[in-house]
Peer 1: 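Mind having a look at this structure? Questions to follow.
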Amino acid sequence: MLRQSKWYPFLLSLIVALLLAAPAKFEASEKAVTRGEFVKQLITTMDVDVKEEVKNLTFTDVDSELAPYVEAALRLGIATGKTETTFAPNEKITREQAYVFLIRSLQLRDHYSAEKLKRFKDFPAVGQWSQEYLAAAVELDLLKGYTDQTIRPHQAITSSQAAAMLNRYNTNIEKITFIHTNDTHGRILYNDKNGEMGFAKISQIVNDVRKKNKQTLLVDLGDTFHGTTYVNLNEGQAVVDIMNGMKYDAMVPGNHDFNYGQNRLLALKNMVQFPIVSGNIYKDGQPFLPAYTIKEVAGKKIALVGLTATDTAVKTNPAGIVGITFADEEATLKQIVQHLKGQADHIVVLSHSGLKTDEKLANSVQGVDLILGGHSHDTIEVPKKFKYAYVSQAFEYGKAVGQTNLLFHKGKLIGVNGFLYRDSSNKQEDAMIQQIVQKYKNEVDATLQQVIANISVDLDGERENVRTKETNLGNLIADAMRSALNTDVALTNGGGIRASIPKGDVTRNHVLTTLPFANTLVKLSITGADLKKALEHGVRLYPEQNGGFPHVSGIRFTFDATKPAGERITNVEINGQPLDETKTYTLATNDFLAKGGDGYTMFTNGTIEFDSGELLSSIVISYLQNNKPIPNVEGRITVIAQ
């Protein structure tokens with residue numbers, strides 16, 4: 001035994017010093033983590049869906065293996081490059097930098113005072129740019145200082161420290177996850193060419209997330225029951241079976257969910273095994289649907305409040321919404337929030353009102369935490385923070401699926417983060433849901449062979465004809481469009497007509513082969529001047545083939561092919577009367593052209609009076625089934641001076 005002597009205090013202090021120095025020596029010998037390695041670890045910890053291949057990354061120093069993780073970090077606002085062309089993936093990352101990346105990933109709702117850092121001896125060494133991030137890390141129990149009350153912000157972080165940090169991230173931050181779909185418009189099938197995942201792949205994504213986090217809710221933001229032949233022919237029943245199989249928690253109806261009429265929507269509501277909610281729809285002054293549903297998740301009551309776009313009145317068939325009104329979203333939401341006080345811990349809005357409305361609500365309605373949206377088909381890669389709430393939306397047609405997380409620390413909501421899933425070869429299909437999809441595909445495919453009409457002439461849809469001149473098929477399609485909406489005139493593009501229809505028995509498949517695109521019928525109000533500009537635009541390339549060549553109804557026009565483009569139209573008649581450039585006409589066209597497709601930008605000057613949501617193929621099938629007259633090539637378009 002060492003005897004107490006004058007050397008004892010010295011030896012004791014030496015032993016303590018050596019013990020304190022041991023961790024520093026261990027850290028010095030342990031591998032330091034690089035920027036690239038840390039970003040990969042963080043993105044992996046967050047379970048972000050990374051791209052299989054990244055082709056457009058501007059950094060020249062990032063290899064193909066790391067690129068998907070760097071791209072994800074950039075997309076989610078977590079990391080930035082060192083310069084415009086370099087990321088410095090092999091540079092050691094400091095503790096300060098690592099915590100900044102970590103806190104950015106949380107998308108915190110509140111600011112944190114740098115006062116939290118002043119208890120550390122080396123607080124002055126923390127950069128001004130990173131103080132709030134590190135203060136948040138301390139407050140959220142993510143940053144643990146050393147025993148000597150230092151942070152050591154400029155010290156390279158070691159692999160064990162990074163692992164401990166990310167473990168605290170998983171342990172200290174509780175997550176309630178929303179998987180959200182919107183504007184699928186009946187795209188139940190996988191479509192590799194269009195990037196549409198289909199519900200079987202989407203379901204497998206949901207299954208995987210639920211396995212990792214039982215605190216997961218699956219919601220839909222509308223325009224779901226209608227849109228393709230595979231759901232239209234069964235009036236949404238296919239979607240009901242799929243959504244029930246996937247165990248959705250709630251949905252809000254979109255404008256096109258009224259396309260089968262209000263009674264059918266109520267019937268679908270009774271078939272699904274989850275609530276369909278919307279608080280601003282009234283029938284004869286009474287609520288049409290429940291305004292909200294409350295889900296208890298992780299001991300918290302989450303109110304899911306539905307809102308449907310007020311412009312549904314002009315974006316679905318008026319016959320289907322007789323007696324129904326759509327109240328102002330903001331006024332409605334404020335009333336519901338007030339009503340929910342004391343009943344719910346958090347409010348999440350399921351909105352089919354469009355991004356502009358969602359952003360307005362997020363800035364004006366206190367008490368809402370998150371708005372998950374649809375209707376405007378916007379792509380929001382990471383939830384956007386506004387004054388009161390965060391907003392997210394996941395593109396369209398199942399080309400993206402959203403994951404948005406409510407983040408909690410010690411029971412308090414601290415932030416909202418998330419990302420979008422997209423199709424990739426490593427995504428699998430849920431076999432159970434695929435069976436349901438295949439069942440309806442088989443049924444519909446058999447239906448497609450059904451005869452819907454018999455015609456006595458060939459309908460000319462040959463490419464070289466529909467892109468250069470009037471044909472009887474082009475006339476028939478335009479007549480069907482005009483008849484369906486009872487407009488003054490109709491115009492569609494030759495590029496949308498992809499095949500002829502032979503005389504004799506006509507099947508649904510004949511029409512779908514001729515009109516394979518998911519173009520829908522739209523009613524515009526447009527001036528005579530813009531209508532003339534549209535005709536000039538349509539014949540500008542003649543005699544060259546042009547996908548924008550116009551096929552018309554209610555219009556007769558003449559153009560001189562020897563004159564310069566833009567000066568070719570010599571005469572236009574509207575239903576037998578000279579075109580009045582100052583008059584406003586109603587025009588039936590397809591949604592592609594209405595949005596300026598094929599260069600018809602003048603149509604964007606008009607007003608969309610009604611978006612039917614009906615496929616052109618369905619319009620033509622109905623026209624043929626009703627034995628409407630088949631037009632000849634009758635001189636609607638006359639070419640002179642050839």
Side-chain angles (χ1 to χ4, degrees), residues 39-40 42-59 62 64-79 105 107 177-213 216-224 227-228 242-243 246 248 355 372-384 390-405 416-430 433-434 437 518:
V39 162
K40 184 175 181 178
L42 177 57
I43 294 298
T44 301
T45 299
M46 295 172 66
D47 287 323
V48 175
D49 184 50
V50 298
K51 296 180 179 180
E52 281 186 297
E53 184 179 8
V54 177
K55 297 180 180 179
N56 58 352
L57 201 63
T58 58
F59 303 132
V62 176
S64 59
E65 183 180 345
L66 181 61
Y69 300 93
V70 172
E71 187 278 333
L74 295 172
R75 175 166 31 103
L76 302 183
I78 294 171
S105 76
Q107 294 215 139
T177 294
F178 285 86
I179 301 296
H180 47 103
T181 53
N182 62 276
D183 299 286
T184 53
H185 289 270
R187 267 68 169 185
I188 64 173
L189 301 179
Y190 173 60
N191 187 323
D192 178 43
K193 182 180 178 182
N194 293 342
E196 297 164 6
M197 286 185 278
F199 274 103
K201 278 197 174 185
I202 294 172
S203 182
Q204 190 57 50
I205 290 171
V206 175
N207 293 343
D208 293 342
V209 173
R210 283 172 170 159
K211 285 178 184 177
K212 294 174 183 175
N213 182 14
T216 295
L217 295 173
L218 174 61
V219 297
D220 183 81
L221 293 317
D223 277 4
T224 309
T228 68
I242 289 166
M243 295 181 80
M246 292 172 65
Y248 269 79
L355 184 58
L372 298 174
H375 190 47
S376 54
H377 297 223
D378 281 288
T379 303
I380 301 180
E381 297 290 352
V382 60
K384 292 182 180 179
Y390 292 75
V391 172
S392 190
Q393 190 173 152
F395 195 27
E396 64 183 8
Y397 306 150
K399 295 175 184 176
V401 171
Q403 174 169 328
T404 301
N405 307 304
V416 176
N417 70 2
F419 55 88
L420 301 182
Y421 292 91
R422 288 180 173 83
D423 187 35
S424 60
S425 62
N426 59 10
K427 288 185 172 60
Q428 304 299 310
E429 293 183 333
D430 179 338
I433 299 302
Q434 182 55 29
V437 171

Peer 1: Applying side chain to side chain donor-acceptor pair (under 3.5 Å), can you list everything that pairs with D423, at least two apart in sequence or on another chain?
Peer 2: Y190, K201
Peer 1: Should the pair H185 and H377 be assigned to parallel (<30°), tilted (30 to 60°) or perpendicular (>60°) ring geometry?
Peer 2: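 Tilted.
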Peer 1: Examine distances only and state if a side-chain atom of S376 and a backbone atom of L355 form a donor-acceptor pair shorter than 3.5 Å.
Peer 2: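 Yes, S376 side chain to L355 backbone: donor-acceptor pair under 3.5 Å.
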Peer 1: Has D183 got a side-chain atom pairing as donor or acceptor with H375's backbone, closer than 3.5 angstrom?
Peer 2: yes
Peer 1: Do the non-hydrogen side-chain atoms of I78 and V39 ever get within less than 4.5 Å of each other?
Peer 2: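 No - every pair of side-chain heavy atoms lies 4.5 Å or more apart.
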Peer 1: Hey, does L74 have a side-chain heavy atom less than 4.5 Å from the side chain of F59?
Peer 2: yes
Peer 1: Assess the residue pair Y390 and T404 against the criterion (side chain to side chain donor-acceptor pair (under 3.5 Å)); give the C-alpha distance rounded to whole Å, side-chain angles, the decisive distance to 0.1 Å, and a yes or no.
Peer 2: CA-CA 10 Å; Y390 292 75; T404 301; over 6 Å; no
Peer 1: Any donor and acceptor pair, going by atom type alone, linking the side chain of N191 with main-chain N or O of M197 inside 3.5 Å?
Peer 2: no
Peer 1: If you apply the rule side-chain contact (heavy atoms from CB on, under 4.5 Å), what do you find for Q393 with V391, and how did you get there?
Peer 2: CA-CA 7 Å; Q393 190 173 152; V391 172; 5.9 Å; no
Peer 1: Going by an N to O cut-off under 4.0 Å, is there a salt bridge joining K40 and E65?
Peer 2: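 Looking at E65 together with K40, the answer is yes, because their closest N to O distance falls below 4.0 Å.
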Peer 1: Please list, chain by chain and in numerical order, all residues satisfying salt bridge (Lys or Arg N to Asp or Glu O under 4.0 Å) with R75, sequence neighbours excluded.
Peer 2: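 With sequence neighbours excluded, R75 shows a salt bridge (Lys or Arg N to Asp or Glu O under 4.0 Å) to E71, E381, given in chain and number order.
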Peer 1: With D49, which residues qualify under side chain to side chain donor-acceptor pair (under 3.5 Å), at least two apart?
Peer 2: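 Listed in chain order: K427.
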Peer 1: So E429 and V437, side-chain contact (heavy atoms from CB on, under 4.5 Å) or not? Walk me through it.
Peer 2: CA-CA 11 Å; E429 293 183 333; V437 171; over 6 Å; no
Peer 1: Is there a donor-acceptor contact under 3.5 Å from the side chain of Q107 to the main chain of V416?
Peer 2: yes
